[in-house]
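Only one structure is covered here, and it is reproduced in the block below.
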Amino acid sequence: MSIAIIVHGGAGNIPDEEIDLYIAGCRAALAAGWSLLQSGASALDACEAAVRIMEDDPIFDAGTGSVLTSLGTVELDAAVMDGRTLRYGSVANLRHVRNPISLARRVLEGPATFLAGAGAEEFATRHGLERCENSALIVPREYALWQRRRAQPQTAALDHGHDTVGAIAIDAAGNLVAANSTGGTFFKLPGRIGDTPLVGCGLYADARVGGAVCTGWGEAITRLALARRAVELLERGMEPQAAADLAIHTLANSANDGQGGCIILSPDGRIGFARNTPYMAYAACVEGSDPIWGC
Ligand code: GLY
């Protein structure tokens, strides 16, 4: 079985001076996941490691560096889905967990499947995950944007930077895993949850068929159950690139007028990625081929 991994750093309107940082962050995430896969680690380990790197990189809207809510706080969501068992772990509305993807991974092990808010934070404490002050997740760039938005409340939702990170990997044992993590949308209402932790919306993984991870305006993605829809296109025999193109075409042209992107990986290592936003940083590596990256 050929190992493979694809990661993305969020669809959005990335400022020119930040594009290299997005690509560098995706390449660092790819390298971490790839080196684990090469050493025989599981796709779960590879996806968790790749997403953690992006959560810790302040350029991305995930973990440290996330966008702020209308109250000026950070609220984090994440999920991981195991394509062999179809088990998943989802977490939402976290304010004090430094790496939500690691909590999602722990939730996947049971007994619950989706934990939010205070219960999720308590579960994180009980399982020894790293906690932090909410202010430790806030970077000066995002605080300045929040201050500006507060003074001009009519600005559009995806009016700057970035949205969500994600990864899909296949390990040497043939399992396929999808994972993602986000701070959500800029100036969101406290308590708002987007597509990211919702199975079938922000992510889907079936080791027999393939996996998809979405990024962008979560409300529109959720209405279409876009990740499941993309995997269904693979089920019908579509190439991953054609499936990604059609999924984003549907997102853009439905009544939703949605904006976003998606990455797709088939069980035999074919990749697809598409966006209808100005940018979406990505990086991918498939055994036997040179790595690719772009934005
Ligand atoms: N795509 C992330 C969100 O809407 O929350």
Side-chain angles (χ1 to χ4, degrees), residues 7-14 22 51 54-55 59-63 65-71 73-81 88 90-95 97 100-101 104 114 116-117 120 137 142 145-146 149 155-168 178-204 211-230 244 247-248 250-252 254 256-264 273-282:
V7 305
H8 77 77
N13 189 18
I14 300 170
Y22 274 84
V51 171
M54 292 189 280
E55 286 177 339
I59 197 70
F60 296 113
D61 179 23
S66 288
V67 299
L68 305 194
T69 69
S70 58
L71 286 184
T73 54
V74 166
E75 292 188 359
L76 304 172
D77 310 329
V80 60
M81 183 169 186
Y88 67 94
S90 294
V91 292
N93 289 153
L94 305 174
R95 290 179 172 216
V97 176
I101 192 61
F114 195 154
L137 301 168
E142 293 304 325
L145 285 164
W146 175 77
R149 172 67 182 265
T155 327
L158 278 177
D159 58 355
H160 80 278
H162 47 195
D163 175 88
T164 314
V165 304
I168 315 170
N180 58 16
S181 183
T182 192
T185 47
F186 178 47
F187 220 72
K188 67 185 181 182
L189 285 176
R192 175 264 186 195
I193 299 170
D195 60 302
T196 301
L198 304 180
V199 164
C201 302
L203 79 171
Y204 199 79
V213 173
C214 300
T215 162
W217 182 27
E219 283 71 10
I221 291 168
T222 298
R223 286 183 202 118
L224 294 169
L226 195 63
R228 182 68 189 97
R229 189 180 281 244
I248 295 308
T250 307
L251 178 69
S254 63
N256 288 308
D257 194 22
Q259 298 174 55
C262 74
I263 55 172
I264 293 182
F273 50 90
R275 56 169 166 77
N276 70 338
T277 50
Y279 298 105
M280 179 182 73
Y282 65 88

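Since this is a predicted model, take the numbers as computed values, not measurements. In each ligand, atom 1 is the first atom listed, and ligand 1 is the first ligand listed.
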### Query
Is I221 close to ligand 1, meaning an N/O of one under 3.5 Å from an N/O of the other?
no
### Task
With the side chain counted from C-beta on, respond yes when I248 and C262 share a heavy-atom pair under 4.5 Å apart, and no when they do not.
yes
### Query
Does the N or O separation between G184 and ligand 1 drop below 3.5 Å for any pair?
no
### Query
T164 heavy atoms, cut-off 4.0 Å: which ligand 1 atoms fall inside?
1 (N), 2 (C)
### Query
Looking only at distance, does D163 have an N or O less than 3.5 Å from an N or O of ligand 1?
yes
#### Entry: Side-chain heavy-atom pair R192, T185 within 4.5 angstrom cut-off
yes
### Query
So, does T222 use its side chain to make a donor-acceptor pair with the main chain of G218 at under 3.5 Å?
yes
### Task
Give the residue and atom name of whichever protein heavy atom lies nearest to atom 5 (O) of ligand 1, and the separation in Å to one decimal.
R192 NH1, 2.6 Å
### Element-labelled atoms of ligand 1 that are located less than 4.0 Å from some non-hydrogen atom of T185
4 (O)
### Message
Which of the numbered atoms in ligand 1 are under 4.0 angstrom from any heavy atom belonging to D195?
### Response
1 (N), 2 (C), 3 (C), 4 (O)
### Query
Is there a side-chain contact between V199 and Y204, using heavy atoms and a 4.5 Å cut-off?
yes
#### Entry: Where ligand 1 meets G216 - atom numbers and elements under 4.0 angstrom, heavy-atom basis
1 (N), 2 (C), 3 (C), 4 (O)
### Query
Got a donor-acceptor contact below 3.5 angstrom from the D77 side chain to the N93 backbone?
yes
### Message
Tell me whether K188 reaches ligand 1 (any heavy atom closer than 4.0 angstrom to a ligand atom).
### Response
no
#### Entry: Ligand-residue contact atoms, ligand 1 with T196, heavy atoms, under 4.0 Å
1 (N), 2 (C)
### Query
Are the side chain of R229 and the backbone N or O of L224 linked by a donor-acceptor pair below 3.5 Å?
yes
### Query
Side chains of E55 and S181: do they bring a donor and an acceptor to under 3.5 Å?
yes
